[in-house]
Amino acid sequence: MAMVWTAILACSFLCTSSQKIYSEENHRCASDGETMMQIREVLIKQERFQETVDSLKKMMKRLEENTGKMMRRLEKDVTKIKSDIKISDCQDLFFTGRKLSGEYRIDPFGNGSYVTVYCDMKTDEGGWTAIQKRISQSVGFNRTWEEYKRGFGNVTDSYWIGKVWDKVI
């Protein structure tokens, strides 16, 4: 390696002394004019590259800004769509992507009279509204008609849905 550098320095010295410059890229001596042209070409390429990088940076900044605007607009649209969707039973919830069984609020008559129910999202392809559910003996079902109309129990345990259906009866 030391011999290579010695050769480069020696050639450089010889070239410079005779108004020529050693080009490591071409491994030869070149005249000042030829070397200056090569340097100019490299500088032009670097300048174009920098312009491209600057242009890409501007494009990325605009893309980030536009993405932010689009995300905010999309969030507003999704919120509006969600508020426009009438969830009258568990099947509506199932079709909007809710796949976990559990406690949900529905508006069975579309008039804002929400009721909390248990939705079974697993049995027979899901979307079932549980009208009656008995998990334990903690809730007795020997009740009066008025109690059945009002509903009773706990949605996550044992319950009768009640008031939603008394409008149908």
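The side-chain heavy atoms of Arg72 and Lys76, taken from C-beta on, include no pair separated by under 4.5 Å. Under the 4.5 Å side-chain criterion, counting only non-hydrogen atoms from C-beta, Thr129 is not in contact with Tyr104. Residues Ile161 and Val117 form a side-chain contact, since some pair of their non-hydrogen atoms from C-beta on lies under 4.5 Å apart. The closest side-chain heavy-atom distance from Glu147 to Arg150 is below 4.5 Å.
For Glu65, the CD atom is densely surrounded, since the number of other residues' heavy atoms within 6.0 Å is greater than 12. Around NZ of Lys99, the count of heavy atoms belonging to other residues, nucleotides or ligands within 6.0 Å exceeds 12.
Classified by interplanar angle (parallel below 30°, tilted 30° to 60°, perpendicular above 60°), the ring pair Phe141/Phe152 is perpendicular.
The only member of Lys45, Glu51, Gln50 that meets side chain to side chain contact (heavy atoms under 4.5 Å, CB included) when paired with Glu47 is Glu51.
A donor-acceptor pair is defined here as one N or O able to donate and one able to accept, closer than 3.5 Å; such a pair exists between the side chain of Asp89 and the backbone of Asp92.
Other members of the cluster containing Met70 do not exist, because no ILVMFWY side chain is joined to it at under 4.5 Å.
Taking 4.0 Å as the cut-off between side-chain N and carboxylate O, Lys149 and Glu146 count as a salt-bridged pair.
Summarising the geometry, atom OH belonging to Tyr114 is positioned 10.5 Å from atom CD1 belonging to Ile106; distances are rounded to the nearest 0.5 Å.
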